[in-house]
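Input: a single structure, listed below in structure tokens.
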Amino acid sequence: MTRRISLTQYLIEQQRQHGHIPQELRLLIEVVARACKRIAISVNKGALGDVLGTAGSENVQGEVQKKLDIIANEVLIEANEWGGHLAAMASEEMEGIYLVPNRFPQGEYLLMFDPLDGSSNIDVNVSIGTIFSVLKKPEGSKGISEDDFLQPGSAQAAAGYCVYGPQTTLVLTVGDGVAMFTLDREQGSFVLTQEDVKIPEDTKEFAINMSNMRHWDAPVKRYIDECLAGEEGPRGKNFNMRWIASMVADVHRILTRGGVFMYPWDKREPNKAGKLRLMYEANPMAFLVEQAGGAATNARERIMDLKPTKLHERVAVVLGSKNEVERVTRYHLEQAQ
Ligand code: AHG
Ligand code: MN
Ligand code: MN
């Protein structure tokens, strides 16, 4: 019989053999995984669990909240507040940071999450997910404030996502490569199904919302036009396109078979750097993608080098197969000269 390695076992082995995972961080990851299992149960119930549709409220970014956005947010908070591993949390669905209540012990870590990514896909039964990012609270900081969260992505201690699709898969990095765990529903545990995930450097697949083409900046248009020109064009090969509109699902495809994902700045809202959120979406995905040998930029600079200025900061995102990300980034830098 082949040996099945559970998430718990994997984390303990990482802790023992490689010293990557301190005890508190292991607990944190296990608690997040447990919360994801609960969210998966709600997602799977769909209409039967009365979890579809809107909640009738808006989040801080002015987006209409779905029932599942709120349920997932509550599940993550409830699961994480009492274990003693966290100092505070921040979420796409909450305006300010959430301090661990005084009645519980305070830990060293800060947890950020997009509780439900791909909200527009919930009601239509398409893959959605939860994205999370872990930072350590700065040395010597006593009371926790929003400023303590404003660390570059390169400071992340761990990051990952759980995709609720045909399978429920948890994807994790603690800075030593990327591992994937599939939820075994009968056992109720995440089982290691792929280690040392690697993104091919080249690809023939791109992901972008093409309906925004008329609003794009010239370098984005140049890159996509060249892909669309296919074999006869400057790239000399045909490209395929996928756009799921759940970043988790698009990134999961890229970690599985390569590709490039873009949500660039565009002229619809010129004062916003992009649509996606630096702390809950771009940084954790950039960490995973880099750990799998890919690259992630805001079309000019490495995402994980950016110094956040506010919790809900937005950013342009180009990530995936290294050579394609470098090409898109180069086109932008050439324009700037
Ligand atoms: P969220 O559901 O957390 O607000 O995130 C949705 C994001 C991302 O997952 C996806 O890639 C993108 O928004 C889709 O945007 P468009 O609808 O503009 O294509
Ligand atoms: Mn999202
Ligand atoms: Mn979300």
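Just so you know, ligand 1 is whichever comes first in the structure, and atom 1 is the first atom listed for that ligand. The basis for the numbers below is simple: all heavy atoms, side chains too, and nothing from hydrogens, waters or symmetry mates.
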Cation-pi check, K137 onto Y109 ring (under 6.0 Å, within 45° of axis): no
Within-4.5 Å side-chain heavy-atom neighbours: V220 and V328: no
Side chain to side chain, F239 and E324, heavy atoms closer than 4.5 Å: yes
Sub-4.5 Å side-chain heavy-atom contact between W243 and F261: yes
Residues in contact with ligand 1, criterion: heavy atom under 4.0 Å: E63, E92, D114, L116, D117, G118, S119, N209, W243, A245, S246, M247, F261, Y263, K275, L276, R277, E281
Heavy-atom pair with the smallest gap, counting every atom of N80 and H85: OD1-NE2, 3.1 Å
Side-chain touch C162/T168, heavy atoms, less than 4.5 angstrom: yes
Plane angle bin for H312 and Y280 - parallel if under 30°, tilted between 30 and 60°, otherwise perpendicular: tilted
Student check: side-chain heavy atoms of V325 and K322 closer than 4.5 Å: no
Nearest-0.5 Å distance, NZ of residue K37 to OG of residue S189: 6.0 Å
Atoms of the protein (N/O/S only) found under 2.8 Å from the Mn ion (ligand 2): D114 OD2, D117 OD1, E281 OE2
